[in-house]
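One structure is given here, and the rest of the page talks about it.
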Amino acid sequence: MERPALQRLLSEVQAKRIDVIVVYKVDRLTRSLADFAKLVELFDAHGVSFVSVTQCSTHAQKCCNR
């Protein structure tokens, strides 16, 4: 998770300036399952919703219920 843009995003999440993160596919955020789990944990801790437009997850249950 050494990508500068990702670090800026995480700083914004921690500062509570973001409440929803939308990606086209999960692999645009990270390709590592372990890193994804850490990110989801961080998002949950800061009240941030995560949505992948083309993929559903248990974290984005609303997507799956369409």
Side-chain angles (χ1 to χ4, degrees):
M1 294 196 305
E2 299 290 326
R3 297 168 19 222
L6 179 58
Q7 292 305 313
R8 287 192 304 273
L9 174 68
L10 297 179
S11 293
E12 295 294 311
V13 166
Q14 292 170 333
K16 299 194 183 280
R17 293 188 195 115
I18 293 177
D19 56 1
V20 177
I21 295 173
V22 179
V23 297
Y24 181 73
K25 288 178 70 176
V26 173
D27 70 357
R28 300 294 79 210
L29 183 65
T30 183
R31 292 186 176 155
S32 164
L33 185 57
D35 286 347
F36 180 68
K38 290 176 190 173
L39 290 169
V40 169
E41 186 176 304
L42 179 77
F43 298 160
D44 284 343
H46 290 87
V48 174
S49 298
F50 175 79
V51 178
S52 172
V53 176
T54 60
Q55 297 169 304
C56 291
S57 69
T58 55
H59 191 267
Q61 196 66 39
K62 291 177 188 172
C63 169
C64 296
N65 291 331
R66 290 186 192 180

Task: Backbone of Tyr24 reached by a side-chain donor or acceptor of Thr54 within 3.5 Å - done: yes
Task: For the student: nearest non-hydrogen atoms of Ile18 and Val48, plus distance - done: O-CG2, 3.3 Å
TODO: Only pairs at least two apart or in different chains count here, so list each side-chain hydrogen bond (donor to acceptor under 3.5 Å, both in side chains) that has a residue in residues 2-22.
DONE: Glu12-Arg17
Task: Listed once per pair and sorted, the side-chain hydrogen bond (donor to acceptor under 3.5 Å, both in side chains) pairs that draw on residues 27-39, sequence neighbours left out - done: none
TODO: Would you please test Val13 and Ile21 for side chain to side chain contact (heavy atoms under 4.5 Å, CB included) and show each step?
DONE: CA-CA 9 Å; Val13 166; Ile21 295 173; 3.9 Å; yes
- [ ] Quick one: sort the Phe36 and Phe50 rings into parallel, tilted or perpendicular, breaks at 30° and 60°.
- [x] perpendicular
Open item on the list: Hydrophobic clustering (ILVMFWY, side-chain heavy atoms < 4.5 Å, transitive) - are Val26 and Leu42 grouped together?
Closed with: yes
